[in-house]
Amino acid sequence: MEPNKRPEVALPDYVQAHFDRQSPLADHRQLYTILQRGIRDGALGAGGKLPPTRVLAQALGIARNTVVHVYEQLALEGYVRAGVGRGTYVAPLAPRLTATAVRPPRAASLSRRGGELLARAGAGSQQWGAFVPGVPEVRLFPTAVWNRLHLRTWRRASPQQMSYATGGGDAGLRQAIADYLQGTRGVNCVPEQIVVTSGTQQSLHLIAQLLADRGDSVWLEDPGYWGARSVFANAGLHPLPVEIDAEGMAPSARQLRQPPKLMFCSPSHQYPTGALMSHGRRRQLLEYAAAHGVWMVEDDYDSEFRYDARPLPALQGLDAQGRVIYLGTFSKTLFPSLRLAYLVLPPELVDAFARALGELFREGQSLQQAVLASFIAEGHYASHIRRMRAVYAARRAALIETIGSQFGERLPVAGGNAGLHLMLGLPPELDDRATSLEALRAGIITRPLSLYSMRRPAPLNGLILGYGTVREEEIAPAFGRLAAVVRKALGKR
Ligand SMILES: Cc1ncc(COP(=O)(O)O)c(C=O)c1O
């Protein structure tokens, strides 16, 4: 049969039924999706004629060019065929949405390593709302200042800044970070020791790839940062849990007899317990690392936020032997989707890290880095941190007061007077994973403490509550919803 003898699809009706003028999607994206879906699920049968672009554009009240582009895109992908002067038709063998296409990927199709990574994955799918841990108050970010610096940076953008980057990061940003770290964190460094990455996860990935081989062991605080465990395990390293005592990471006598390749710790605000590593323990571990050639990875993710005293200087500042790799991130002080973080490396490692960064990930974000450099150098970073410290301190106090008023001493609060989260202990008869799931059903995001531990049974039972994302006045009502979940579970016992 000739294409032009085929029946016309009553397309404007079909499209109009699905086309939503209020949709946040661009017109072309929306139209493309509707037509593609219609063809794939068979609602628009093979051989059917699409209406002329002018007719469809008029019916939907959108630009004709938009329809032309969508038809062209569909033709390129084989969904429709177009002949000059003959109109556009649904292709006879248009890709259909078959049972196999919609089936979710089978676990068996993943590598063993991939399957294991996902089986122990800790990253939650919801990253905004009460009481998501580790997310700052992004609504108070000084957007106007950032936009101004952004525009200024882009006005001066060079071709080099828009090409692939090399060398470990924007020179201005490395300088600004070095100045900031020396002034506020007691870190001993020059800008040339800094390599800028797109997040702590990437910094950890580089460390695992460059400083350890498959089967090498890595000591991790337990409970500790699940993100580090994931990266190290996925790189084939052997994570070993190390207990934490009142002075911080406390390897056992047996563990001390077998030095690891790497040691990962958060000495200024242990994650998630909030413990501070004592000066004595810092010295002991540094000496041990120097004696056995161990790399100490110091994760200084949120130490800007201490509410009772000045932030403790970094472990790196005490290291005379060049064994510490210091990790910083802008995820907590600015906003996580910025995806900018950095390593401060012993000088002999810098070149290798900068080259490996380019080799594994290709460096980029040069303009974003330049904006951040100005933001720090012109004092906006320091004043934002000062402002946020007061905001978080008030939120933390409000949350502790609310918990106390609801549960008294029954549910203990811990976690140090710092950071963006605290720990809420649960009685042993309540399973923290089940409670966290129940809370999620009530619209409250929490993270079970047992998830942070490799040991079984987990040493701590409770929930991590982040207060970065919850306005002070919203804390009591949000906690009320969590309290109802906890009470119900306790009542069932
Ligand atoms: C302990 C710890 N370190 C570092 C980070 C920051 O990671 P990134 O820089 O990849 O955002 C987080 C974020 O949740 C964290 O909890």
Side-chain angles (χ1 to χ4, degrees), residues 121-129 131-138 141 169 173 177 185 194-208 218-232 234 239 242 244 248-249 262-277 296-306 311 314-316 325-344 357 361 365 368-369 372 392 415-416 418-423 445-449 451-454 463-469:
S125 58
Q126 298 198 36
Q127 293 294 333
W128 185 256
F131 291 101
V132 64
V135 179
E137 178 48 275
V138 296
F141 180 73
L173 180 58
I177 293 172
R185 303 294 305 119
I194 294 170
V195 168
V196 181
T197 63
S198 48
T200 301
Q201 292 305 96
Q202 193 177 61
S203 304
L204 292 168
H205 198 88
L206 287 172
I207 290 170
V218 47
W219 285 356
L220 299 177
E221 295 164 325
D222 192 286
Y225 181 37
W226 50 267
R229 192 198 327 161
S230 272
V231 172
F232 290 140
N234 189 245
V242 175
I244 301 157
M249 193 178 206
L262 302 169
M263 200 189 291
F264 175 84
C265 56
S266 40
S268 300
H269 185 227
Q270 202 277 331
Y271 191 73
T273 65
L276 267 179
M277 192 184 285
M296 288 189 79
V297 182
E298 174 180 19
D299 183 17
D300 202 25
Y301 62 105
D302 76 353
S303 55
E304 284 82 1
F305 302 124
R306 277 215 85 78
L315 173 75
Q316 195 268 7
I325 297 168
Y326 175 95
L327 305 184
T329 179
F330 294 100
S331 292
K332 316 293 163 182
T333 46
L334 297 178
F335 58 99
S337 76
L338 183 61
R339 302 317 294 142
L340 282 177
Y342 52 90
L343 309 110
V344 181
L357 179 62
F361 304 105
Q365 295 183 309
Q368 176 109 312
Q369 291 186 21
L372 179 55
Y392 298 140
L420 299 172
H421 69 269
L422 51 74
M423 291 195 296
I445 308 165
T446 62
R447 200 183 274 275
L449 261 169
L451 207 106
Y452 295 81
S453 195
M454 278 182 267
L463 301 173
I464 295 289
L465 306 184
Y467 42 83
T469 60

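What you see below is based on every heavy atom in this structure, not just the backbone, and it leaves out hydrogens, waters and symmetry mates. Each ligand, and each atom within it, is numbered from 1 in the order the structure gives.
Take F131 and apply the ring pair (Phe, Tyr, Trp, His ring centres under 6.0 Å) test, not counting sequence neighbours, and it matches no residue. Looking at residues two or more places apart in sequence or on another chain, you find no salt bridge (Lys or Arg N to Asp or Glu O under 4.0 Å) involving D299.
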List, one per line, each side-chain donor-acceptor pair under 3.5 Å for residues 333-343, sequence neighbours excluded.
residue	atom	partner	partner atom	Å
T333	OG1	Y381	OH	2.8
R339	NH1	S331	OG	3.4
R339	NH1	P336	O	3.3

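Counting heavy atoms from C-beta outward, R447 and H421 have side chains that stay 4.5 Å or more apart.
Annotation for D302 and L420: closest pair OD2-N, 3.7 Å, computed over non-hydrogen atoms.
With hydrogens and angles disregarded, no donor-acceptor distance shorter than 3.5 Å links the side chain of Q202 to the backbone of V196.
Sorted by chain and number, the residues within 4.0 Å of ligand 1 by heavy atom are G199, T200, Q201, Y225, Y271, D299, Y301, T329, S331, K332, R339.
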